[in-house]
Amino acid sequence: MRQDRPAQPRRVFLQWLAGLGAVGALGPGFAATKKSAIKKAIPVSGEKIPVIGMGSWLTFDVGDDEAARATRVQVLQAFFDKGGALIDSSPMYGSSQEVIGHCLRKIQNKNALFAATKVWIYGQWLGIKQMEAARKLWGVPRFDLMQIHNMLDWQAHLETLKAWKAEGRIRYIGITTSHGRRHQDMERALAKEPFDFVQFTYNLVDRDVEQRLLPLAAERNIAVIINRPFDGGALFDAVRGKPLPAWASEFDCTNWAQFFLKFVVSHPAVTCAIPATSQVAHMQENMGAGFGRLPNAETRQRMIALYAKLAR
Ligand SMILES: NC(=O)c1ccc[n+]([C@@H]2O[C@H](COP(=O)([O-])OP(=O)(O)OC[C@H]3O[C@@H](n4cnc5c(N)ncnc54)[C@H](OP(=O)(O)O)[C@@H]3O)[C@@H](O)[C@H]2O)c1
């Protein structure tokens, strides 16, 4: 059975209320000023993390290409310079973990790092070996968050992760899916076991999780990481060459990347999004979404309607 965790209905209610209030209302789950990054609390601990993190699928899988590695150092430097913390990777992403380790060694101001990776293999023993190898590749003393990738052999790995968390070898336990896959299985897993984090896909064209998974995560006090916030980059196709609406300035949004990311992280149950990029200029745009005001519930509906119209 899942361990009980303190129910915090008042906080969940206030978070939802923040989403319903005036444009830019930041409820008690938030902390932000114009100059500091917007942060949201991890429900199980209260620890606050910036709402914009970084993904690494494809973008950091550059192997030993020296020029590409040098650019990724700059991308990661821009991430930390703009107040970033959570980096997400996986053994599924080719050389990404090794490249992240290479970049981290070259970067000075990385104290805020919140290191999140995944286990993605059948078998508990092989999972242990994979997670130990990941720690060496990143060059970190321990991972803040270890997630079970795509629910693969999740019951076996959860046993290890519970023991490791109790020993202080990891700080949080998570589980992931994407592209709308296995949502019913995920619901059952979240209802039964004590996950601290869940990761799934949510963006302006993929909103299935609004129905059940996001409310369930809020109810169970589970932090939510959103993957594919740009639908793998496809969201940009419909808006290329089109101007932002004037009302985007009401929530401090200056480009389409921020429009897409502010939509995602303004959902009251979302803790952070992990856009991936291979470019410094894109990283700077994306990190800008973690500052200023966020859209309220009414504005979020307007954003959905506008995107649907542009994509028609
Ligand atoms: N099951 C799982 O656990 C799972 C599944 C999928 C993804 N994930 C995680 O989620 C992360 C994000 O998902 P994703 O990488 O699939 O897709 P994404 O973040 O939605 O989109 C990435 C694409 O958007 C482009 N992009 C980024 N910033 C941009 C900007 N400001 N302007 C224009 N284009 C921009 C990137 O191209 P440039 O390089 O040119 O910027 C890249 O092609 C992954 O990297 C991974 O860490 C996890």
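When a ligand or atom number is given, it counts from 1 through the structure's own listing order.
Summarising the local packing, CZ of Arg142 is surrounded by more than 12 heavy atoms from other residues, nucleotides or ligands at distances under 6.0 Å.
Residue His149 approaches ligand 1 through these ligand atoms, each under 4.0 Å from one of its heavy atoms: 1 (N), 2 (C), 3 (O). Annotation for ligand 1: atoms under 4.0 Å from non-hydrogen atoms of Gly55 are 11 (C), 45 (O), 47 (O). Proximity to Asn150 (heavy-atom distance under 4.0 Å) selects the following atoms of ligand 1: 1 (N), 2 (C). Near Thr177, the atoms of ligand 1 lying under 4.0 angstrom from a non-hydrogen atom of the residue are 1 (N). Within ligand 1, the atoms closer than 4.0 Å to a non-hydrogen atom of Pro275 are 19 (O), numbered from 1 in the order shown. Shown in contact with Pro229 at under 4.0 Å from a heavy atom are these atoms of ligand 1, numbered in order with element: 19 (O), 20 (O).
With a 4.0 Å heavy-atom cut-off, ligand 1 is reached by no atom of Trp256. For Ser90, no heavy-atom contact with ligand 1 is shorter than 4.0 Å. Both the backbone and the side chain of Thr277 come within contact range of ligand 1, each with a heavy atom under 4.0 Å. The residue Gln147 has no part lying near ligand 1, judged by heavy-atom distances below 4.0 Å. Within the 4.0 Å heavy-atom criterion, the part of Thr176 lying near ligand 1 is the side chain and not the backbone. Heavy atoms from both the backbone and the side chain of Arg228 come within less than 4.0 Å of ligand 1. For Leu58, no heavy-atom contact with ligand 1 is shorter than 4.0 Å. With a heavy-atom cut-off of 4.0 Å, Met283 does not touch ligand 1 at all. By the criterion of a heavy-atom distance under 4.0 Å, the side chain of Asn286, and not its backbone, is placed next to ligand 1.
The nearest heavy-atom contact from the protein to atom 34 (N) of ligand 1 is Phe236 CE1, 3.3 Å. Given atom 12 (C) of ligand 1, the protein heavy atom at minimum distance is Ile274 O, 3.1 Å. Closest to atom 45 (O) of ligand 1 among all protein heavy atoms lies Trp57 N, 2.9 Å. Nearest non-hydrogen protein atom to atom 40 (O) of ligand 1 is Gln279 NE2, 2.8 Å. Protein heavy atom nearest atom 22 (C) of ligand 1, with residue, atom name and distance: Ala276 O, 3.4 Å. Asn227 CB, 3.7 Å is the protein heavy atom nearest to atom 7 (C) of ligand 1. In terms of protein heavy-atom proximity, atom 39 (O) of ligand 1 is closest to Ser278 OG, 2.6 Å. Counting protein heavy atoms only, atom 46 (C) of ligand 1 is closest to Tyr93 OH, 3.3 Å.
Taking all atoms of both residues into account, the shortest heavy-atom contact from Met131 to Met146 is SD-CG, 3.4 Å.
In this structure, the side chain of Asn286 does not engage the main chain of Ala281 through any donor-acceptor pair within 3.5 Å. In this structure a side-chain-to-backbone donor-acceptor pair under 3.5 Å is missing from Asn221 to Pro43. Not one N or O on the side chain of Thr201 forms a donor-acceptor pair closer than 3.5 Å with the backbone of Ser178. For the pair Thr59 (side chain) and Ser278 (backbone), a donor-acceptor distance under 3.5 Å is absent. Not a single donor-acceptor pair under 3.5 Å links the side chain of Lys48 to the backbone N or O of Lys40. Under the 3.5 Å distance criterion, the side-chain polar atoms of Lys82 are left unmatched by any main-chain donor or acceptor of Gly288. Using modelled atom types, one side-chain atom of Asp144 and one backbone atom of Ala115 make a donor-acceptor pair closer than 3.5 Å.
Taking the side-chain hydrogen bond (donor to acceptor under 3.5 Å, both in side chains) definition, one finds that Asn150 meets it with nothing, sequence neighbours left out. Listed by chain and residue number, nothing satisfies the side-chain contact (heavy atoms from CB on, under 4.5 Å) test with Ala133 (two or more places apart in sequence, or in another chain).
Checked against a 3.5 angstrom limit, the closest N/O atoms of Ala257 and ligand 1 fall outside it. At under 3.5 Å, a nitrogen or oxygen of Gly232, whether backbone or side chain, sits near a nitrogen or oxygen of ligand 1. For ligand 1, one of its N or O atoms has an N or O atom of His282 under 3.5 Å away. Here's the thing with Phe230: one of its N/O atoms is less than 3.5 angstrom from an N/O atom of ligand 1.
Using a 4.0 Å heavy-atom cutoff, Met54 is absent from the residues neighbouring ligand 1.
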Report the C-alpha distance between Glu193 and Arg188 in whole Å, list the side-chain angles of each, state the deciding distance to 0.1 Å, and finish with yes or no for salt bridge (charged side-chain N to carboxylate O under 4.0 Å, His left out). CA-CA 9 Å; Glu193 292 289 352; Arg188 281 191 285 271; over 6 Å; no

Asp153 vs Gln124, test: side-chain hydrogen bond (donor to acceptor under 3.5 Å, both in side chains). Steps then yes/no. CA-CA 8 Å; Asp153 208 1; Gln124 190 174 7; over 6 Å; no

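For atom 9 (C) of ligand 1, the nearest non-hydrogen atom from the set Ile87, Asp88, Thr117, Thr59 comes from Asp88.
A tilted orientation is assigned to the rings of Phe197 and Phe114, their planes being inclined by 30° to 60°.
The closest side-chain donor-acceptor pair between Glu285 and Gln258, if any, does not fall under 3.5 angstrom.
The cationic atom of Arg300 (NZ for Lys, CZ for Arg) lies less than 6.0 Å from the six-membered ring centre of Phe263 and within 45° of the ring axis.
In this structure, atom 37 (O) of ligand 1 is not in close contact with the protein, since no protein heavy atom lies within 4.0 Å of it.
Ion pairing between Arg293 and Glu250 fails under the 4.0 Å rule for side-chain N and carboxylate O.
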